[in-house]
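Residue numbering restarts at 1 for every chain, and letters A, B, ... go by the order of the sequence lines. Here the structure is a predicted model, which means the values were calculated and not measured.
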2 protein chains.
Amino acid sequence: MRRKTEAKRDAILDAATQEFTERGYDGASMSAIVARIGGSKQTLYGYFPSKDDLFVEVMMRVVERQVAASYAEMKAGPDVAESLRRYGVHYLKVRQSPDLVGLVRLAYGESGRSDIGRLLYRDGRMKGVEDIATFLATAMKEGALREADPKIAALHYVALLDAELAEPVTMRVREPASDAEVAEVVGRAVDVFLAAYGRRDGDPG
Amino acid sequence: MRRKTEAKRDAILDAATQEFTERGYDGASMSAIVARIGGSKQTLYGYFPSKDDLFVEVMMRVVERQVAASYAEMKAGPDVAESLRRYGVHYLKVRQSPDLVGLVRLAYGESGRSDIGRLLYRDGRMKGVEDIATFLATAMKEGALREADPKIAALHYVALLDAELAEPVTMRVREPASDAEVAEVVGRAVDVFLAAYGRRDGDPG
DNA sequence: CATGTACCGTACTGTACGGTATGATTATGA
DNA sequence: TCATAATCATACCGTACAGTACGGTACATG
């Protein structure tokens, strides 16, 4: 006999990801998804029992692939500023990518009705913030940063990273920033962050 | 003869605002909007020629009423920290209200396809940021804050205000914060902001 | 090679919705 | 008062789409 292949499943998910991020949940059509890969609706429904199920799988996969990968870049090191900077640059690049922008639009748009936003926030954003918080906690303990609530500090840092670009890009008020501009934006965020959370000159330690 | 009344128009817009913020653009139904106020579809179409037009009017009105009003709270004064704090408290209260949360979800959700997000960002957020920037510029000139790009400083401040609450509330990961908690959140944001943008001890001026 | 299963294509069902049509009723202003 | 326009109730049209049915074909495995 013949078996359902993982390749086919992935192809469907790829097409669905495109369709959902481009048209939103309601705007996306199951027939259109099928049309993107060529094949039959019956095959699609053989892999995913409903539009809702397909949607959830799409969201989960994007989160795992992109968001998680982005946050994993955090590296502990002696130079806190440099670690923050490197993380920030990677984060903003991913944050501006069409896929993630589409995902964020979806998550916000659906967050009023479904639990997908919740889920995405927990597995994506929150996990990343916790990673930063862990890094910051270590830096605080080692005396590289002043003592403070590491969770809140992490939220502040991510917010500062998002400050200049996230909303305008999502709202299509401006284009994604170039690498050079990203570097500047991150630099300003790090400056503000360290002014608040860095050890003050003359502090003991 | 009889005239179309502003009261009726408002009633329709109220019902439509509810429907849109609860169900999203696609999820909202013109018949359901009519059902909320009791009346006829024909009457609705007498005031608004299409769902799109109605939607735009709804969005404009919410922006004018809430966002603009919120940002207008900015008061110039000798005590910069106090001004920032007062503004922050007012801003976060509005930002957490069901109406504005629904609006933000809509704006994000539709930003991929329509221009409504763009429009909303310009008339809402951007206008507010500019107001803060103006305030900050004055404070900088008067020596209450260090010299810096006021626009970026304003973006940083708003981002810091949003850091702890905006996304979790929008994603329904947590309930809106109480007044007491809002005060704490704003306090932390102001502390970080002033650490970065306040005059350093010993600076001239 | 035979058979069970995936796959394709297409047509179909039921439903929901935006927008229109119609005709009766009610309030308003000249 | 009386004409005029707004309002109401309801039925209707066209369309789009989620999901199903069905008949036929390709393919892997026993």
Side-chain angles (χ1 to χ4, degrees), chain A residues 1-60 102 105-106 109-110 112-116, chain B residues 1-60 102 105-106 109-110 112-116:
Chain A
M1 337 134 195
R2 212 169 159 186
R3 294 287 156 81
K4 289 187 186 175
T5 76
E6 200 65 27
K8 188 80 188 176
R9 190 184 158 86
D10 281 348
I12 293 173
L13 283 171
D14 285 342
T17 302
Q18 286 286 322
E19 178 78 6
F20 279 126
T21 53
E22 281 175 20
R23 301 209 203 286
Y25 178 79
D26 291 294
S29 123
M30 296 297 264
S31 299
I33 291 170
V34 166
R36 279 173 190 261
I37 37 176
S40 166
K41 239 168 152 181
Q42 208 55 249
T43 304
L44 170 57
Y45 278 93
Y47 282 89
F48 304 95
S50 75
K51 189 181 182 180
D52 264 324
D53 290 75
L54 177 57
F55 181 63
V56 171
E57 293 266 347
V58 164
M59 299 299 265
M60 301 298 282
R105 285 187 191 131
L106 275 172
E110 298 305 309
R113 285 154 286 166
S114 76
D115 285 342
I116 197 73
Chain B
M1 339 142 193
R2 211 171 161 183
R3 293 290 154 80
K4 290 187 186 177
T5 76
E6 200 65 25
K8 188 81 189 176
R9 190 184 157 86
D10 281 347
I12 293 174
L13 283 170
D14 286 342
T17 303
Q18 286 286 322
E19 178 78 6
F20 279 125
T21 52
E22 281 175 20
R23 302 209 202 286
Y25 179 79
D26 291 293
S29 121
M30 296 297 264
S31 300
I33 291 170
V34 166
R36 279 173 190 261
I37 38 176
S40 166
K41 237 168 150 182
Q42 208 55 247
T43 303
L44 170 57
Y45 278 93
Y47 283 89
F48 304 95
S50 75
K51 189 180 183 180
D52 263 323
D53 290 77
L54 177 56
F55 182 63
V56 171
E57 293 267 348
V58 164
M59 300 297 266
M60 300 300 281
R105 285 186 191 131
L106 275 173
E110 298 304 310
R113 284 154 289 166
S114 76
D115 285 342
I116 197 72

Participant: Please state how far atom CD in Glu19(B) lies from atom C1' in dC17(C), giving the value in whole angstrom units.
Facilitator: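 For the pair Glu19(B) CD and dC17(C) C1', the rounded distance is 12 Å.
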Participant: Which residues satisfy the salt bridge (Lys or Arg N to Asp or Glu O under 4.0 Å) test with Asp53(B), sequence neighbours excluded?
Facilitator: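 By the salt bridge (Lys or Arg N to Asp or Glu O under 4.0 Å) rule, Asp53(B) matches no residue at all.
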Participant: Please report, rounded to the nearest Å, how far the P atom of dC17(C) is from the CG atom of Leu44(B).
Facilitator: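 Going from Leu44(B) (CG) to dC17(C) (P), I get 15 Å.
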Participant: If a protein heavy atom is under 4.0 Å from the base, mark B; if only from the sugar-phosphate, S; if neither, -; do that for nucleotides 7-18 of chain D going 5' to 3'.
Facilitator: SBB--------B
Participant: I'd like to check the side chain to side chain donor-acceptor pair (under 3.5 Å) partners of Lys8(B); sequence neighbours left out, ordered by chain and number.
Facilitator: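 For Lys8(B), no residue satisfies side chain to side chain donor-acceptor pair (under 3.5 Å) once neighbours in sequence are set aside.
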Participant: Considering residues at least two apart in sequence or located in another chain, which fulfil the side-chain contact (heavy atoms from CB on, under 4.5 Å) criterion with Arg113(B)?
Facilitator: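 In terms of side-chain contact (heavy atoms from CB on, under 4.5 Å), with neighbours along the sequence ignored, Arg113(B) is linked to Asp26(B), Glu110(B).
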Participant: Of all residues at least two apart in sequence or in a different chain, which pass the salt bridge (Lys or Arg N to Asp or Glu O under 4.0 Å) check with Arg36(B)?
Facilitator: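 For Arg36(B) the salt bridge (Lys or Arg N to Asp or Glu O under 4.0 Å) partners, ignoring immediate neighbours, are Glu19(B), Glu22(B).
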Participant: Check salt bridge (Lys or Arg N to Asp or Glu O under 4.0 Å) between Asp52(B) and all other residues, then give those that pass, not counting sequence neighbours.
Facilitator: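 Salt bridge (Lys or Arg N to Asp or Glu O under 4.0 Å) check on Asp52(B) returns nothing, list empty.
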Participant: Please report the distance, rounded to the nearest Å, between CD1 in Ile12(A) and P in dC7(C).
Facilitator: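 In whole Å, dC7(C) P lies 8 Å from Ile12(A) CD1.
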